[in-house]
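First the proteins, then the strands, lettered A, B, ... as listed; each starts at 1.
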Protein chains: 2
Amino acid sequence: MIETHLAKLRARDTISVEEERVIRDSLGEVRSLPTQHTCIRAGERLHSSTLLLEGLMCRYKDLPGGDRQITELHVAGDFLDLHSFSLKQLDHNVMTLTPCRVVLVPHAKLKDITEQHPHLARVYWFLTALDAAIHREWELSLGRRSAIQRIAHLICELRVRLGLIGQADDDGFGLPLTQADLSDCTGLTPVHVNRTLRDLRERGLMDFRGRRVTITDLPGLQAIAEFDDSYLYLRREDR
Amino acid sequence: MIETHLAKLRARDTISVEEERVIRDSLGEVRSLPTQHTCIRAGERLHSSTLLLEGLMCRYKDLPGGDRQITELHVAGDFLDLHSFSLKQLDHNVMTLTPCRVVLVPHAKLKDITEQHPHLARVYWFLTALDAAIHREWELSLGRRSAIQRIAHLICELRVRLGLIGQADDDGFGLPLTQADLSDCTGLTPVHVNRTLRDLRERGLMDFRGRRVTITDLPGLQAIAEFDDSYLYLRREDR
DNA sequence: CGGACAGTTGACCTATTTCAAATGTGGTGG
DNA sequence: CCACCACATTTGAAATAGGTCAACTGTCCG
């Protein structure tokens, strides 16, 4: 059930059999969620964190005028709100972008981990630091990259993150997002996303159609995005 | 020496006398740094985290073309790189924007804290989650707010954060940044920052001259920024 | 007094947005 | 199997927020 989660952790550190058992013991209720469903709202008091088992979800913030910014995408194996353990409530919403399956991890169990399994606690602390690193890279995209770079960069990021859990290879991957979702990730309008996707296709770099990204020139795509995966911390370390 | 740091923590949780002693015992070398000095570079292996005692610093990422994005500003009492404890190396640089004084906290001491003082460890985990919340708010600014909103929002954020450590009130605060620094925070050009500051002045909202922000209409400034401080987690909680 | 920056302004430019309409496309009910 | 509906995608034309380039003006400090 949590193989994708373990794959994500084990790409970055050593998780012992004992720790794996502790993780499995922390799991609570499993839920299935429909698509386009906001399952956590900013300001709600939370008592458990949510681990994504299957599907695609996002964190987003809305503006009074109706504009939306997605601040991070989540794939299987990600904690959507591990930070709610420290924060107690979130400053953003979390919603599904596809039908999803999730499992709840009570904050009480996480607290036990901080008291009895300090190494595992450090690994989980690392996961929240990794989310922050992704936020920083998105700040760079939103602040300083052009439209074509923003989209190319996002696709490069997703290729690596999905690759870790065996859901992407060099040729492409399934990506059940609309162009409007993509515009909310990149701070662009849906119309401009459409034109930019055509540009990427005409340049022979990638094609995004029918909920699938086909990468036709990976080095070229990475070059235009100026993509460097070091912000994803893919090396194994002793935390 | 670390009063600003304790003020920041105690605005969010209860720190016992014992925990205060643990924090004081974790402090290592104190350093004075000149202005415009990059003291941590992306990719460097780090063995201690740095607590800012005095001055203004920033985290930033550079692009090959020379563009720069500041991802967060830091005031006295902030850890610049508490996350380097989990990450081991950073994905961004850290530099001074004024002359600064900092104190180093060895990662070995932080590791001891995770093993012997789980509550304090959770408080520090919270601090890194707070940095991530600030990153998310900046993503929203960079992705969806107009130039005038981005600058107004940044000023509102700094007023609150500096206020917590007694360095700002409703009338304004010292802010030793250049307009170019401001442009690197907001993803704008220095020229447009200059015009936008004039706009804010002519609207009677705020005036930024001579390294000082004078707020002439705080409610108006907050209104145009659509500022809501909940992402700064100012309520005290039991973490 | 001079030099290095920081700030200011004007004229022009362009990437992206806005608005509006047309064209797929997938699912549902008859 | 078809008609229809709700959406997602695509395209064109016009508008604009913010960028670029270049020059000029403080201002601080040695």
Side-chain angles (χ1 to χ4, degrees), chain A residues 34-37 56 63 65-70 96-99 141-154 174-203 206-214 224, chain B residues 34-37 56 63 65-70 96-99 141-154 174-203 206-214 224:
Chain A
T35 192
Q36 299 294 325
H37 175 253
L56 202 57
L63 246 18
D67 279 338
R68 165 171 302 185
Q69 179 65 44
I70 293 179
T96 60
L97 295 167
T98 65
S141 276
L142 292 165
R144 295 298 188 196
R145 289 196 174 104
S146 65
I148 194 168
Q149 289 184 303
R150 290 185 209 184
I151 292 178
H153 199 280
L154 178 60
L175 186 67
L177 287 181
T178 65
Q179 294 182 4
D181 294 331
L182 227 42
S183 78
D184 288 334
C185 292
T186 53
L188 302 166
T189 55
V191 171
H192 200 61
V193 165
N194 181 282
R195 292 193 235 265
T196 306
L197 287 172
R198 180 177 40 166
D199 192 3
L200 283 161
R201 196 182 317 127
E202 286 170 358
R203 291 179 192 223
M206 58 167 274
D207 193 358
F208 175 49
R209 322 187 78 130
R211 334 236 105 178
R212 182 169 176 86
V213 171
T214 305
I224 204 167
Chain B
T35 191
Q36 299 294 325
H37 175 252
L56 202 58
L63 247 18
D67 279 338
R68 167 171 300 185
Q69 179 65 44
I70 294 178
T96 61
L97 295 167
T98 65
S141 277
L142 292 165
R144 296 297 188 196
R145 290 193 174 106
S146 66
I148 194 167
Q149 289 183 303
R150 290 185 208 185
I151 293 178
H153 199 280
L154 178 59
L175 186 66
L177 287 181
T178 65
Q179 293 182 1
D181 294 330
L182 228 42
S183 78
D184 288 334
C185 292
T186 52
L188 302 166
T189 55
V191 171
H192 200 61
V193 165
N194 181 283
R195 293 193 235 262
T196 307
L197 287 172
R198 180 176 41 163
D199 191 4
L200 283 162
R201 195 182 317 125
E202 287 170 357
R203 291 181 192 220
M206 57 166 276
D207 193 359
F208 176 48
R209 323 186 77 130
R211 330 237 109 181
R212 184 170 175 83
V213 171
T214 305
I224 204 166

Does B:N194 have a side-chain nitrogen or oxygen under 4.0 Å from the phosphate oxygens OP1 or OP2 of C:dG7?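 Answer no for this pair, as no side-chain N or O of B:N194 is under 4.0 Å from OP1 or OP2.
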
Need one value for [X]: base, sugar-phosphate or nothing, where a base atom within 4.0 Å counts as base even if backbone is also close, heavy atoms only.
X      : answer
B:T196 : nothing
A:R198 : sugar-phosphate
B:R209 : sugar-phosphate

Could you tell me the separation between the [atom1] atom of [X] and the [atom2] atom of [N], rounded to a whole number of Å?
X      : N      : atom1 : atom2 : result
A:R201 : D:dT11 : CZ    : C1'   : 13 Å
A:I151 : C:dA15 : CD1   : P     : 15 Å
B:E202 : C:dT8  : CD    : C1'   : 12 Å
A:H192 : D:dT10 : NE2   : C1'   : 15 Å
B:F208 : C:dT8  : CZ    : C1'   : 15 Å
B:R195 : D:dT16 : CZ    : P     : 17 Å
A:D199 : C:dA15 : CG    : C1'   : 12 Å

NZ/NE/NH1/NH2 to OD/OE distance under 4.0 Å, B:R144 and A:D184: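 Yes.
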
Between A:D199 and A:R195, is the closest basic N to carboxylate O distance under 4.0 Å?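 Judged by the 4.0 Å cut-off on N to carboxylate O distance, A:R195 and A:D199 do not form a salt bridge.
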
Given the structure, check if the side chain of A:R211 and the base of C:dG26 hold any donor-acceptor pair shorter than 3.5 Å.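 Between C:dG26 and A:R211, which were checked side chain against base, a qualifying N/O pair under 3.5 Å is absent.
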
Do you know which two heavy atoms are closest between A:L56 and A:P176, and how far apart they sit?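 So the two residues come closest at CD2-CD, 3.9 Å.
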
Where is the tightest heavy-atom contact between B:I70 and B:D181, given as atom of each residue plus distance?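 It is CD1-O, 3.7 Å.
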
Residues in side chain to side chain contact (heavy atoms under 4.5 Å, CB included) contact with B:T96, at least two apart in sequence or another chain: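 For B:T96, the residues satisfying side chain to side chain contact (heavy atoms under 4.5 Å, CB included) (neighbours in sequence not counted) are B:L33, B:H37, B:M57, B:C100.
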
Hey, are the side chains of B:M206 and B:L197 touching, using non-hydrogen atoms and a 4.5 Å cut-off?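 Counting from C-beta outward, B:M206 and B:L197 do come under 4.5 Å.
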
Tell me, which of residues 174-190 of chain A have any heavy atom that sits under 4.0 Å from an atom in DNA chain C?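 Contacts with DNA chain C under 4.0 Å: A:G187, A:L188, A:T189.
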
Counting distance only, does the side-chain N/O of B:S141 pair as donor-acceptor with the main-chain N or O of B:R150 below 3.5 Å?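 Side chain of B:S141 to backbone of B:R150, a donor-acceptor pair under 3.5 Å: no, none is there.
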
B:Q36 or B:V191: which one's nearest nucleotide on DNA chain C is closer to the 5' end?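 By nearest-heavy-atom nucleotide position, the 5'-most residue is B:Q36.
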
